Amino acid sequence: MNEFIKKKGRKEIFDLKPYVPGKPIEEVKRELGIDDIIKLASNENPIGPSPKGVEAVEKALAQLHFYPDSNCFYLKNRLSEILGYENENLIIGNGSDEVLKLIAETFINQGDEVVFADPSFVEYEFTAKIMGAACIKVNLKDFTHDLEAMLQAITDKTKIVYICNPNNPTGTIVTEQEMDYFMNNVPEDVLVVFDEAYVEYVEAENFASGLKYVDQGKNALVLRTFSKIYGLAALRIGYAITTKEIAQAIERVIEPFNVNMLAQVAALAAIDDHEHVKKSQNLNSEGKQYLYKEFKNLGFDYVPTEANFIFVDTHKDIQFIFNKLLQLGVIIRTGDIFGYPTYMRLTIGTKQENERLINALKAILEE
Ligand SMILES: *Cc1c(COP(=O)(O)O)cnc(C)c1O
């Protein structure tokens with residue numbers, strides 16, 4: 001870092017840790033010279049994008065010379081219809097990551113505090129820190145949010161509390177009862193962000209969306225994405241549902257053409273692709289049961305999941321397992337980055353991918 005950067009760069013940027021993405025397939029191909037690789041590291045949809053979304057993108061390609069609709073009018077209309085809100089309740093972003101950044105830009109001043117669980121999704125820390133917030137991290141309890149401790153962590157300086165539900169990387173949910181208690185006790189002037197990136201995969205009966213608190217007029221915001229079950233991660237599109245007042249405030253910081261046209265048309269088509277959603281849910285559900293059974297056989301402990309990934313304790317050094325799996329063409333996410341050095345987080349794949357993972361693990365353990 002030279003003197004210019006040291007002197008003139010905002011001090012917030014020096015404290016940021018770069019995001020560590022799941023290792024891309026192409027990179028593994030280059031580094032190891034193997035061709036047949038599966039990636040179970042980034043919670044992508046193993047059956048691919050919604051075919052209706054792909055078709056819409058193909059049809060729209062000839063329109064690339066036009067700027068996109070800066071208001072995402074048609075997508076907002078359809079989302080409003082489906083969810084029972086009005087367009088004024090919605091913010092569409094270049095991925096829900098962008099929406100998290102917009103939230104931070106709208107609310108956070110230097111010295112404010114934000115509260116979130118540890119480990120949880122890293123973007124809460126990243127987006128809040130850029131704006132100069134102090135991040136108060138509350139350890140998970142039994143792999144799930146400790147909402148009581150999170151309430152205790154709130155001070156006069158707290159602006160935002162993030163609740164990732166289901167939680168990434170553990171796949172756990174907070175129940176409706178726990179959430180009601182939290183929302184009844186959280187100060188009114190704290191924004192509560194419910195990140196529901198994996199909501200479509202939830203099977204538990206005692207799950208409830210944070211939308212009910214938006215309906216009650218609380219300072220709540222629910223984040224959803226097209227990156228996961230809809231399989232549109234490459235296009236970058238996600239959205240928030242919140243009160244009209246909060247949405248209006250966030251609109252002030254949004255860039256005019258933040259969501260590209262292909263993402264808008266793909267999302268609009270994918271959201272009504274019920275066949276693709278159903279297929280993805282069924283595959284996930286079956287894959288989950290298969291992997292639970294196999295992990296038990298292997299002597300691994302796992303955290304029961306409500307998402308499309310599983311947090312698994314291999315009881316071995318996970319870097320060792322990661323490297324061995326990589327050589328066999330299987331990419332997973334190591335738990336050490338979350339503070340769990342014997343754990344892995346892996347995406348539930350297709351039947352073939354899951355079987356390949358298990359066979360690879362068996363081979364490694366038998367060595
Ligand atoms: C994947 C993920 C997102 C989605 O991010 P996009 O920017 O919409 O791709 C949001 N929150 C969590 C917890 C995630 O795991």
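Note that the structure is predicted; figures quoted are calculated from it, not measured. Just so you know, ligand 1 is whichever comes first in the structure, and atom 1 is the first atom listed for that ligand. We number each residue from 1, following the sequence as shown.
Considering D195, V193, L147 in turn, L147 is the only one that fulfils the side-chain contact (heavy atoms from CB on, under 4.5 Å) rule with I163.
Closer than 4.0 angstrom to ligand 1 sit non-hydrogen atoms from G95, S96, D97, F121, C164, N168, D195, A197, Y198, T225, S227, K228, R236.
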Throw together a table of side-chain donor-acceptor distances under 3.5 angstrom for residues 357-367, partners on residues two or more places apart or in other chains.
unit_1, atom_1, unit_2, atom_2, d
N359, ND2, E355, O, 3.3
E367, OE1, K324, NZ, 3.1

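Side chain of T225 to backbone of S227: a donor-acceptor contact under 3.5 angstrom is found.
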### Task
Apply the test side chain to side chain donor-acceptor pair (under 3.5 Å) to residues D336 and Q319: give CA-CA distance (whole Å), side-chain angles for both, the deciding distance (0.1 Å), then the verdict.
CA-CA 8 Å; D336 49 358; Q319 278 298 334; 2.8 Å; yes
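Side-chain contacts under 4.5 Å among hydrophobic residues (ILVMFWY), followed directly or transitively, place Y67 together with F257.
Judged as a salt bridge (charged side-chain N to carboxylate O under 4.0 Å, His left out), the pairs with a partner in residues 130-144 (not counting sequence neighbours) are, in order, E125-K137.
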